[in-house]
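Remarks on the structure that follows.
The basis for the numbers below is simple: all heavy atoms, side chains too, and nothing from hydrogens, waters or symmetry mates. Given the structure is predicted, the values throughout are model-derived calculations rather than measurements. Order of listing sets the numbers, starting from 1, for every ligand and every atom in it.
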Amino acid sequence: MFMAKGKAKVGGLTVARHVVQVVMACLFCVPLFAAGWTVLGRYAGGDDAVATPSELPVWGSLSSSQILGIDLLDPFAALQVIVASKSVASAMLWVLPILILYVLIRGRVFCGWVCPVNLFLEVVDWIRGRLGIKVSEMPVPRWVKPVVAAAVLVLSAIVSVPIFEMVSPVGALNRAILFGSTLGLWTLVAIVIVELFWGHRVWCRSLCPLGGFYQTIGAVGLLSVKIDHDACISCNLCKKACLCDPSILDAAVAGEADRVASGDCMLCGKCVDHCPKDALKIGVAVPKDLSL
Ligand code: SF4
Ligand code: SF4
Ligand code: SF4
């Protein structure tokens, strides 16, 4: 077992990913701000807003939004609503664009490139490294989060409430950015304490049900980290850099697979950036073996 490292090499993919993460965090608040609506709980414009939110080209949140007239729903949020309400509304078709996109690319690309919690926890990671605090690398196995996702759906059906949406740190961070709301931020505070003192990225690697849902559909993604076995020197630096469970790289580094097949891979590109021999790249690979 190796310990979490504080210093991280920043390469091209990492820079691009952070730019996309910041753009996605701003995606819904900048149009609101420009139209004179509140952001972070403050009025940005004068007395009159120039447009209602629904007249803006982009409005909503990562759970439910409208972009250039296209309605979009987070598939896991929609699933919770379906099982909680025991009915399927036609609005549920709004999940299709996002579902198709992530099934085609790879489910956890949402985690790697879009989710604001990931960016936030990478900062927490960096702070813990600077403080020199040592934590366990994988105290909880990665298969736990699809199980948590299934448990969330069962519980939502039993109590008739989409329960993860009530406590989701993703939704809480979204509300904080948009409205300055502190509602639900306790979840994020608890996650930060656990990450600082117990387990390296334990929430995103092993516990988050939304990550578990995307891990499950990620097993069939067309984009993968591919390896050039002739270039690889088995230094394991890619595993030390991996944002997910480092063991997802085992088969590729051992020469037993030509790509990282696990649906857990979030295509963050940190392994690619850290490889001293340029043995890794992200590319199209038709899935032959399905793996969580
Ligand atoms: S695991 Fe959950 S919190 Fe972490 S990046 Fe994915 S969706 Fe966001
Ligand atoms: S960092 Fe590159 S060279 Fe080192 S084990 Fe990983 S793929 Fe091989
Ligand atoms: S295998 Fe590479 S791209 Fe996939 S999560 Fe790990 S570091 Fe990121």
Side-chain angles (χ1 to χ4, degrees), residues 8-9 11 13-14 17 21 24-25 62-63 74-77 102 105-122 124-125 140 142 144-146 148-149 152 164-165 167-174 187-188 191-192 194-195 201-218 221 223-255 257-283 291:
K9 180 181 158 187
L13 278 170
T14 304
R17 192 168 56 83
Q21 285 170 316
M24 292 308 296
L62 287 175
S63 294
D74 162 31
F76 189 59
Y102 288 134
I105 300 176
R106 184 167 284 270
R108 292 205 77 201
V109 79
F110 170 83
C111 297
W113 292 74
V114 176
C115 181
V117 174
N118 194 13
L119 179 61
F120 178 77
L121 292 179
E122 281 183 76
V124 173
D125 231 10
V140 183
R142 71 172 182 273
V144 171
K145 61 185 181 301
V148 176
V152 162
F164 181 61
E165 296 313 299
V167 297
S168 163
V170 185
L173 201 54
N174 241 258
T187 324
L188 208 52
I191 291 170
V192 168
V194 166
E195 305 256 325
R201 299 189 56 80
V202 67
W203 172 255
C204 291
R205 281 177 167 179
S206 308
L207 296 175
C208 175
L210 184 52
F213 169 79
Y214 281 123
Q215 175 182 347
T216 307
I217 66 170
L223 282 188
S224 296
V225 173
K226 302 202 290 190
I227 188 163
D228 175 354
H229 293 301
D230 293 334
C232 176
I233 55 170
S234 302
C235 65
N236 285 334
L237 287 176
C238 49
K239 292 194 215 172
K240 291 181 182 173
C242 184
L243 285 185
C244 299
D245 178 351
S247 72
I248 64 178
L249 281 145
D250 281 353
V253 171
D258 57 2
R259 68 179 188 114
V260 175
S262 172
D264 203 33
C265 175
M266 55 170 80
L267 293 180
C268 66
K270 287 200 81 166
C271 54
V272 177
D273 283 346
H274 280 70
C275 178
K277 294 294 177 184
D278 293 331
L280 298 171
K281 66 176 181 186
I282 292 177
S291 158

As an exercise, identify every atom of ligand 2 less than 4.0 angstrom from a heavy atom of Asn236.
4 (Fe), 5 (S)

d(Lys270 NZ, Cys242 SG) to nearest 0.5 Å is 9.5 Å

Report the part of Leu267 in contact with ligand 3, treating N, CA, C, O as backbone and CB onward as side chain, heavy atoms under 4.0 Å; options are side chain, backbone, both, neither.
backbone

Of all heavy-atom pairs linking Val272 and Leu280, the shortest is CG1-O, 3.5 Å

For atom 3 (S) of ligand 1, what's the nearest protein heavy atom and its distance?
Trp203 NE1, 3.3 Å

Considering non-hydrogen atoms of the protein only, which is the closest contact for atom 7 (S) of ligand 2, and what is the distance?
Leu280 CG, 3.6 Å

Could you label the plane-to-plane angle of the Phe110 and Tyr102 rings as parallel, tilted or perpendicular, counting under 30° as parallel and over 60° as perpendicular?
perpendicular

Between CG of Leu243 and CZ of Arg108, what distance do you get to the nearest 0.5 Å?
9.0 Å

So for Cys115 against ligand 1, with non-hydrogen atoms under 4.0 Å, the contacting part is side chain

Examine the proximity of ligand 1 to Cys208 and report which part, side chain or backbone, both or neither, has a heavy atom under 4.0 Å away.
side chain

Structural part of Tyr214 in contact with ligand 1, heavy atom criterion under 4.0 angstrom:
neither

Assess whether side chain to side chain donor-acceptor pair (under 3.5 Å) is satisfied between Asp273 and Thr14, documenting all intermediate values.
CA-CA 7 Å; Asp273 283 346; Thr14 304; 2.6 Å; yes

Looking only at heavy atoms, which two atoms of Cys232 and Ser234 are closest? And how far apart?
SG-N, 3.3 Å

The atoms of ligand 1 lying under 4.0 Å from a heavy atom of Val117, numbered in the order shown, are 3 (S)

Enumerated ligand 3 atoms positioned under 4.0 Å from heavy atoms of Gly269:
3 (S), 8 (Fe)

Would you mind running through ligand 1 and noting each atom that sits below 4.0 Å from a heavy atom of Leu210?
7 (S)

Looking only at protein heavy atoms, identify the closest one to atom 8 (Fe) of ligand 3 and say how far it is in Å.
Cys268 SG, 2.3 Å

Atom 4 (Fe) of ligand 1 sits nearest the protein heavy atom Cys204 SG, 2.3 Å

Taking only heavy atoms of Cys275 into account, list the atoms of ligand 2 that are under 4.0 Å away from them.
1 (S), 2 (Fe), 3 (S), 7 (S)

So, 4.0 Å and heavy atoms of Cys244: is ligand 3 close enough to count as a contact?
yes

Kindly indicate, with the supporting measurements, whether the criterion salt bridge (charged side-chain N to carboxylate O under 4.0 Å, His left out) is fulfilled by Lys145 and Asp264.
CA-CA 10 Å; Lys145 61 185 181 301; Asp264 203 33; 2.7 Å; yes

Basic-acidic side-chain contact under 4.0 Å: Asp250, Lys239:
yes

Please report which non-hydrogen protein atom sits nearest to atom 6 (Fe) of ligand 1, along with the residue it belongs to and the distance in Å to one decimal place.
Cys111 SG, 2.4 Å

Does some side-chain heavy atom of Glu195 sit less than 4.5 Å from a side-chain heavy atom of Leu121?
yes

Proximal ligand 2 atoms for Pro276, defined as those under 4.0 Å from one of its heavy atoms:
1 (S)

Closer than 4.0 Å to some heavy atom of Ser234 - which atoms of ligand 2 meet that?
5 (S), 8 (Fe)

Is the closest side-chain donor-acceptor distance between Ser206 and Arg201 under 3.5 Å?
no

Rounded to the nearest 0.5 Å, how far does CD1 of Ile233 lie from SG of Cys275?
7.5 Å

Near Asn118 (heavy-atom distance under 4.0 Å), the atoms of ligand 1 are 5 (S)

For Phe110, take its heavy atoms, then give the atoms of ligand 1 lying under 4.0 Å from any of them.
7 (S)

Report the part of Arg108 (side chain from C-beta onward, or backbone N, CA, C, O) that has a heavy atom under 4.0 Å from ligand 1; answer both or neither where that applies.
side chain

Glu122 bridged to Arg17 by N-O distance under 4.0 Å
yes

Might you work through the salt bridge (charged side-chain N to carboxylate O under 4.0 Å, His left out) test for Lys226 and Asp258, ending with a clear yes or no?
CA-CA 6 Å; Lys226 302 202 290 190; Asp258 57 2; over 6 Å; no

Check each atom of ligand 3 against the heavy atoms of Cys271 and keep those under 4.0 Å away; list them by number with element.
1 (S), 2 (Fe), 3 (S), 7 (S)

Suppose I only count heavy atoms of Ile233 and a 4.0 Å limit; which atoms of ligand 2 are within that range?
3 (S), 8 (Fe)

